[in-house]
Amino acid sequence: MSKQIIGTCALCKKIKKLNFEHIPPRAALNAAPAKPVLIEKLLLSDNLPWETKGIQYSNLQKGMGLYSICEDCNSSTGGNYGTDYADFACAIDWFLSRKDGTLFEGIEIQKLHPLRFIKQVASMFCSINEVDNSELDDLREFVLNKNAVGLDKTKYRICMYFTHSVFYKYLPLSPIVKKSNEIIRVSEIATYPLGFIMYLSPNMKSNYEGIDITSFADDNYDYECKLQMPLCVKEVNSALPLDFRTKDEIVGV
Ligand SMILES: [Zn+2]
């Protein structure tokens with residue numbers, strides 16, 4: 001008998017049977033079995049920050065994800081947005097996997113629907129955050145209505161980076177103190193080869209980590225473009241938010 005999980009859907013907030021939501025989508029290199037551990041257990045262990053050995057894990061045969069979204073929301077978001085996300089992730093994988101030693105400063109993607117892509121990212125942030133956090137309600141509505149355009153940039157800033165690291169993390173909103181003593185609240189998703197940071201109520205004058213893709217939300221659903229962006233590659237070796245230190249930097253070499 002298949003597993004039945006009843007809960008509050010991270011998008012429509014109705015209490016329903018929840019489906020397993022691949023985060024990122026399955027076609028975005030997320031079909032292999034995974035053994036996730038809880039961040040608290042990893043942080044409290046004596047392991048190096050990227051080592052999960054000896055820590056109790058779940059066994060996810062289908063890839064990384066959560067039971068977070070009801071069947072209706074799952075099929076509409078996956079069908080409407082997942083393909084663009086997966087195509088983009090596979091293009092970045094191809095790019096990062098090049099072994100010819102060529103150094104690039106930027107990347108060009110031939111075809112992308114920016115709105116569909118960012119709606120997939122927004123859906124993932126809804127999945128990994130508390131469903132009763134009303135601060136994300138605008139984000140939920142943005143995802144649920146495929147034709148909804150625009151995100152309030154005083155509320156949300158979504159940034160992206162690329163990574164070679166295979167350290168996956170889902171970090172719900174948490175406060176961070178920047179070097180300038182500014183306190184910001186961020187949620188982060190890192191899944192090879194893409195990472196995303198969502199800043200809540202960002203300071204419009206501050207610079208934040210990653211490539212700002214919030215304006216992807218301003219295009220129509222069917223708008224397709226050629227995209228050029230800087231090659232913003234970061235290492236992910238710890239469960240802490242915005243921690244892009246190399247392994248050597250973490251161990252103090
Ligand atoms: Zn739903």
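Position 1 is the first residue of the sequence, and the numbers go up from there. Small disclaimer: the values here were computed from a predicted structure and weren't measured. Order of listing sets the numbers, starting from 1, for every ligand and every atom in it.
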Cation over ring, Lys234 on Phe162, under 6.0 Å and within 45°?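 Geometry flag: not set, cation outside 6.0 Å or 45°.
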
Under 3.5 Å, sequence neighbours excluded: what are the donor-acceptor pairs made by side chains of residues 171-184?
from   : atom 1 : to     : atom 2 : distance (Å)
Lys178 : NZ     : Asn207 : O      : 3.0
Glu182 : OE1    : Ser206 : OG     : 3.0
Glu182 : OE2    : Tyr208 : OH     : 2.9

Hey, can you tell me if Tyr85 and Phe117 have their rings parallel, tilted or perpendicular (30° and 60° cut-offs)?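 Tyr85 and Phe117: parallel rings.
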
Only counting residues at least two apart or in another chain, list the ones meeting salt bridge (charged side-chain N to carboxylate O under 4.0 Å, His left out) with Asp243.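 Asp243 satisfies salt bridge (charged side-chain N to carboxylate O under 4.0 Å, His left out) with Arg245 only.
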
Mind checking salt bridge (charged side-chain N to carboxylate O under 4.0 Å, His left out) for Asp219 and listing every partner two or more places apart, or none if nothing turns up?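 Asp219: no salt bridge (charged side-chain N to carboxylate O under 4.0 Å, His left out) contacts found.
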
What's within reach of the Zn ion (ligand 1), meaning protein N/O/S atoms under 2.8 Å?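 Those protein N, O or S atoms (cut-off: under 2.8 Å from the Zn ion (ligand 1)) are Cys9 SG, Cys12 SG, Cys70 SG, Cys73 SG.
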
Any chance you could lay out the side-chain hydrogen bond (donor to acceptor under 3.5 Å, both in side chains) test for Tyr199 and Glu188, step after step, and finish with the verdict? CA-CA 9 Å; Tyr199 301 91; Glu188 184 178 351; over 6 Å; no

